[in-house]
2 protein chains.
Amino acid sequence: MKRLIENIRNKLSEKGLKVTPQRISILEAIYSLNNHPTADNIIEFIRVSHPNIATGTVYKVLDTLVENKLIKKVKTDRDILRYDGIVDNHHHIYCSECDLIEDYKDEELDVLLKEYFNKKQFEGFKLEDIVVQIRGTFDKC
Amino acid sequence: MKRLIENIRNKLSEKGLKVTPQRISILEAIYSLNNHPTADNIIEFIRVSHPNIATGTVYKVLDTLVENKLIKKVKTDRDILRYDGIVDNHHHIYCSECDLIEDYKDEELDVLLKEYFNKKQFEGFKLEDIVVQIRGTFDKC
DNA sequence: TCCTTAATGAGAGTCATTCTCCTTTAGTGA
DNA sequence: TCACTAAAGGAGAATGACTCTCATTAAGGA
Ligand SMILES: [Mn+2]
Ligand SMILES: [Mn+2]
Ligand SMILES: [Zn+2]
Ligand SMILES: [Zn+2]
């Protein structure tokens, strides 16, 4: 807990960002809300301990965190943005029945993709990353 | 041209959907605008020949077409929805510099993925499809 | 401790999408 | 061919996620 916040402070400083209570609690919220929260999920979570934070501030901080690669945006086919506190490359399982997005990590898949894309020529294109979208339905849903 | 519209009429009828001029021109627009158009791109395209179509109608028709699997939504990390007239499974290259989304089709990749996911156990999950998001920057951008 | 400048708060503004409700029309069957 | 009916479309208001503006506050460096 103390350690989490210390860790967040360090991440912000390392990027040359001012360490503000708002930025700390937003990152804390993203790390605590496991499943790819929306701005609204984050605001709701934060308001408990930090009732006066402005929604505009939350959106601004989220943008800053994305720009500095402390968080990522998650691609969806809805018109509400979702965020991911895990910045290491990983894949996503999208539920067709609800808006659940689960992480999927597997070294074997990463190796497979790496080998495939190393072999392929992408003329005039600088490859940055590969994310696999796995879509389907969970029995529980 | 005539053939395209005849083809669209058939697709609609096959799904048990009423064949209306609005639905025809929206599908026509999606097929003509190659790169994963937004609702707004579609409206702009259609207004030339069909100036009175209501925006609400366009959104409603798009929903209907998605539900009936005549088109698909494309996942993005923006808050504007984009659509795809190609319903056969394929992958997407996202440009980091602009909002270009190119199709990527390669049989070898599909075989690779198919073999990998056949082998993996997904307990309590019914797999529907796999789409690879390739992100990077085009030199031209 | 003070200063500078970036960050935040409050609230108005924007705009993509949805909703409501009335009118029109596609498709069916006499 | 015609009339009927349910489904679809038009107009425009409503919604809500996100952005903007600008005055105030506070983080971090001197
Ligand atoms: Mn994730
Ligand atoms: Mn496509
Ligand atoms: Zn689900
Ligand atoms: Zn580009």
Side-chain angles (χ1 to χ4, degrees), chain A residues 5-6 8-29 36-47 49-68 70-71 73-83 99, chain B residues 5-6 8-29 36-47 49-68 70-71 73-83 99:
Chain A
I5 290 179
E6 226 20 70
I8 288 172
R9 303 184 78 94
N10 289 339
K11 285 184 178 173
L12 290 169
S13 313
E14 278 166 20
K15 297 288 182 177
L17 296 172
K18 282 191 187 171
V19 178
T20 67
Q22 292 82 353
R23 286 173 173 173
I24 293 172
S25 26
I26 288 168
L27 264 177
E28 209 187 346
H36 309 100
T38 63
D40 213 55
N41 297 150
I42 294 165
I43 291 168
E44 194 184 359
F45 184 95
I46 289 177
R47 286 244 203 269
S49 59
H50 202 303
N52 292 325
I53 195 165
T55 58
T57 301
V58 174
Y59 283 101
K60 200 146 188 316
V61 168
L62 288 169
D63 276 355
T64 306
L65 296 176
V66 169
E67 273 166 28
N68 286 277
L70 289 174
I71 63 175
K73 290 185 178 184
V74 179
K75 290 186 171 59
T76 69
D77 52 16
R78 303 282 312 277
D79 58 351
I80 298 179
L81 304 180
R82 296 179 65 171
Y83 297 90
D99 51 12
Chain B
I5 290 179
E6 227 19 71
I8 289 173
R9 304 184 77 93
N10 289 338
K11 285 184 177 175
L12 290 169
S13 313
E14 278 167 19
K15 298 287 184 179
L17 296 172
K18 283 190 187 174
V19 178
T20 67
Q22 291 83 351
R23 286 174 173 172
I24 293 171
S25 25
I26 288 168
L27 264 178
E28 209 186 347
H36 309 102
T38 64
D40 213 55
N41 297 149
I42 294 164
I43 291 168
E44 195 184 0
F45 183 95
I46 290 176
R47 287 244 202 268
S49 59
H50 202 303
N52 292 325
I53 195 164
T55 59
T57 300
V58 174
Y59 283 101
K60 198 148 190 313
V61 168
L62 287 169
D63 276 354
T64 306
L65 296 176
V66 170
E67 273 166 30
N68 286 277
L70 290 174
I71 63 174
K73 290 186 177 182
V74 179
K75 291 185 170 58
T76 70
D77 52 16
R78 303 283 314 278
D79 57 351
I80 297 177
L81 304 180
R82 296 179 64 170
Y83 298 89
D99 52 12

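Reminder, nothing fancy here: chain letters follow the sequence lines and each chain counts from 1.
- At whole-Å resolution of the value, CD1 in A:Ile24 and C1' in D:dG28 are 14 Å apart.
- Every side chain to side chain contact (heavy atoms under 4.5 Å, CB included) that B:Arg9 has, sequence neighbours left out, goes to B:Ile5, B:Glu6, B:Val19, B:Ile24.
- Judged as a side chain to side chain donor-acceptor pair (under 3.5 Å), and not counting sequence neighbours, A:Thr57 has no contacts.
- Per the geometry, CD belonging to B:Glu14 stands 14 Å off P belonging to C:dG27, to the nearest Å.
- Atom CD1 in B:Ile43 sits about 13 Å away from atom C1' in C:dT18, given to the nearest Å.
- To the nearest angstrom, P of D:dG16 lies 13 Å from CZ of A:Arg78.
- Legend: residues meeting side chain to side chain contact (heavy atoms under 4.5 Å, CB included) with A:Thr38, ordered by chain and number and at least two apart, are A:Asp40, A:Asn41, A:Ile80, A:Arg82.
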*Tell me, what's DNA chain C's dot-bracket, Watson-Crick or G-U with both distances under 3.5 Å, | for other-strand, [ ] crossing?*
||||||||||||||||||||||||||||||
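- Residues passing the side chain to side chain contact (heavy atoms under 4.5 Å, CB included) test with B:Lys73, sequence neighbours excluded: A:Asp77, B:Val66, B:Leu81, B:Tyr83.
- The distance between atom CG of B:Asp40 and atom P of C:dC15, rounded to the nearest whole Å, is 11 Å.
- Distance, A:Asp79 CG to D:dA17 P: 9 Å, rounded to whole Å.
- Atom CD of A:Glu44 is separated from atom P of D:dA17 by 12 Å (rounded to the nearest Å).
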_Could you go through B:Ile53 and B:Ile26, starting from their C-alpha distance and side-chain angles, then the distance that decides it, and tell me whether this counts as side chain to side chain contact (heavy atoms under 4.5 Å, CB included)?_
CA-CA 10 Å; B:Ile53 195 164; B:Ile26 288 168; 4.2 Å; yes
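- Summarising the geometry of A:Ala39 relative to A:Leu62, their closest heavy-atom pair is CB-CD1, 4.0 Å, with the distance given to 0.1 Å.
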*When every nucleotide of nucleotides 4-9 of chain C is labelled 5' to 3' by its protein contacts under 4.0 Å (heavy atoms), B for base, S for sugar-phosphate only, - for none, what sequence of letters results?*
-BBSSB
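- Under the side chain to side chain contact (heavy atoms under 4.5 Å, CB included) test applied with A:Leu70, the options A:Lys15, A:Arg23, A:Glu14 reduce to a single match, A:Lys15.
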Output one line per pair: protein atom, nucleotide atom from nucleotides 28-30 of chain C, and distance, for all N/O pairs under 3.5 Å.
none

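- Residues that satisfy the side chain to side chain donor-acceptor pair (under 3.5 Å) test with B:Thr64, not counting sequence neighbours, are absent from this structure.
- Put simply, NZ on B:Lys60 and OG1 on B:Thr55 are 13.5 Å apart, with the number rounded to the nearest 0.5 Å.
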*Step by step, work out the side chain to side chain contact (heavy atoms under 4.5 Å, CB included) result for A:Leu27 and A:Leu12.*
CA-CA 10 Å; A:Leu27 264 177; A:Leu12 290 169; 4.2 Å; yes
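- Under the rule for a side chain to side chain donor-acceptor pair (under 3.5 Å), B:Lys75 has no partner lying at least two apart in sequence or in another chain.
- Here A:Tyr59 does not reach the OP1 or OP2 of D:dT19: none of its side-chain N or O atoms lies under 4.0 Å away.
- Following rounding to the nearest Å, A:Asp77 (CG) and C:dA16 (C1') show an atom-to-atom distance of 16 Å.
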